[in-house]
Amino acid sequence: MGSPGVAYVDAPVSGGVAGARARTLAVMYAGSDEACARVEPVLAALSDRRHRVGDRPGLAQALKLANNFLAATTLAATSEAIAFGRSVGLDMATMVEVLDGASGRSAATNDKFPNHVLTGRYAAGFTNTLMAKDVQLYLRAVEEEDRPSPIGAATGALWERFAAKEPGADFTRVFPYVEGA
């Protein structure tokens, strides 16, 4: 793989601009023992939350795609559930508080809704266009492994429609998009 004397490590991150500033990025990395040891000082400068996930490059990217797929799915599903609750008269803040303390807990209920949707800020720092791209990359990777992805297909279609309707919008704006659908 590659030129003699060149080693590869893949090291995608999760946590956005805020995570970079706070040194709380989740850094996933994969590569040979020697290559990972050589890049560890660089990765340590990025974050204290580093996770070696495998011995060959590409595994960290696979985990990053799985992570973003889950983020896309839980945010969209939470948006649908909250929109339903509001349609029957439930208060959004109450719903988020209860869901975050119950089995519906996720990054959507713990961070995205309290900090971006309830406040009306919609400024998490990641666009719907990028989320749609990441979900499509996930779906291609799943297809290459000949795995089924019925939830992925539905999630991908939703994010594609949202990105087409409001290109470049913060991905937390999926709530008003879903509520208005």
Side-chain angles (χ1 to χ4, degrees), residues 10-30 43 45-47 49-51 53 57-86 92-93 95-96 99-100 104-144 147 149-181:
D10 73 311
V13 299
S14 181
V17 174
R21 287 187 181 124
R23 289 186 37 83
T24 59
L25 289 173
V27 179
M28 300 151 268
Y29 65 104
L43 300 178
L46 292 174
S47 178
R49 296 177 55 213
R50 298 176 309 281
H51 308 276
V53 300
L59 292 176
Q61 178 64 12
L63 183 53
K64 165 75 175 187
L65 292 175
N67 179 72
N68 278 15
F69 166 69
L70 285 172
T73 303
T74 58
L75 184 57
T78 301
S79 293
E80 183 176 307
I82 298 279
F84 161 73
R86 284 174 42 120
M92 185 189 318
M95 288 185 71
V96 170
L99 292 170
D100 194 49
R105 180 183 172 96
S106 69
T109 61
N110 184 257
D111 173 38
K112 302 308 182 267
F113 267 80
N115 296 318
H116 300 283
V117 178
L118 281 168
T119 63
R121 287 183 42 221
Y122 299 108
F126 194 68
T127 68
N128 60 355
T129 309
L130 289 174
M131 185 58 85
K133 177 218 28 123
D134 281 359
V135 173
Q136 290 308 312
L137 289 172
Y138 168 81
L139 290 171
R140 276 190 230 129
V142 167
E143 186 177 316
E144 287 171 9
R147 304 288 310 161
S149 188
I151 294 168
T155 299
L158 174 96
W159 283 97
E160 287 289 314
R161 287 190 310 269
F162 175 38
K165 185 171 182 183
E166 298 179 39
D170 190 87
F171 81 118
T172 57
R173 290 197 60 78
V174 72
F175 172 71
Y177 173 78
V178 167
E179 188 173 47

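Values in this document were obtained by computation on a predicted structure and should not be read as measured data. Residue numbers run from 1 in the order of the sequence given. Both backbone and side-chain heavy atoms feed into the values below; hydrogens, waters and symmetry mates do not.
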Would you find a donor on one side and an acceptor on the other, under 3.5 Å apart, between the side chain of [X] and the backbone of [Y]?
X      : Y      : result
Arg105 : Asn110 : no
Asp111 : Ala107 : no
Arg23  : Ala45  : yes

For the atom pair [atom1] ([X]) and [atom2] ([Y]), what is the distance rounded to the nearest 0.5 Å?
X      : Y      : atom1 : atom2 : answer
Thr109 : Leu75  : OG1   : CG    : 10.5 Å
Ser14  : His51  : OG    : NE2   : 9.5 Å
Lys133 : Asn68  : NZ    : CG    : 8.0 Å
Met28  : Leu43  : CE    : CG    : 11.5 Å
Thr119 : Phe113 : OG1   : CZ    : 11.0 Å
Arg173 : Thr127 : CZ    : OG1   : 13.5 Å

Verdict with supporting geometry, Val117 and Met92, side-chain contact (heavy atoms from CB on, under 4.5 Å)
CA-CA 10 Å; Val117 178; Met92 185 189 318; 3.9 Å; yes
Going by the angle between their ring planes, with limits at 30° and 60°, are Trp159 and Phe171 parallel, tilted or perpendicular?
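If you compare the ring of Trp159 with that of Phe171, the planes turn out tilted.
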Smallest separation among heavy atoms of [X] and [Y], with atom names:
X      : Y      : value
Val142 : Ser149 : CG1-CB, 3.8 Å
Thr172 : Ala124 : CG2-CB, 3.7 Å
Ala108 : Thr78  : CB-OG1, 3.6 Å
Ser47  : Thr24  : OG-C, 3.9 Å
Ala72  : Val135 : CB-CG2, 3.6 Å
Ala30  : Leu59  : CB-CB, 4.0 Å

In this structure, are over 12 heavy atoms from other groups packed under 6.0 Å from Leu130 atom CG?
yes
Does CD in Gln136 sit with more than 12 non-hydrogen atoms of other residues, nucleotides or ligands closer than 6.0 Å?
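Result for CD/Gln136: enclosed.
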side-chain contact (heavy atoms from CB on, under 4.5 Å) between Phe175 and His116: does it pass, once the steps are laid out?
CA-CA 10 Å; Phe175 172 71; His116 300 283; over 6 Å; no
Val174/Asn128 under side-chain contact (heavy atoms from CB on, under 4.5 Å): CA gap, chis, key distance, verdict:
CA-CA 8 Å; Val174 72; Asn128 60 355; over 6 Å; no
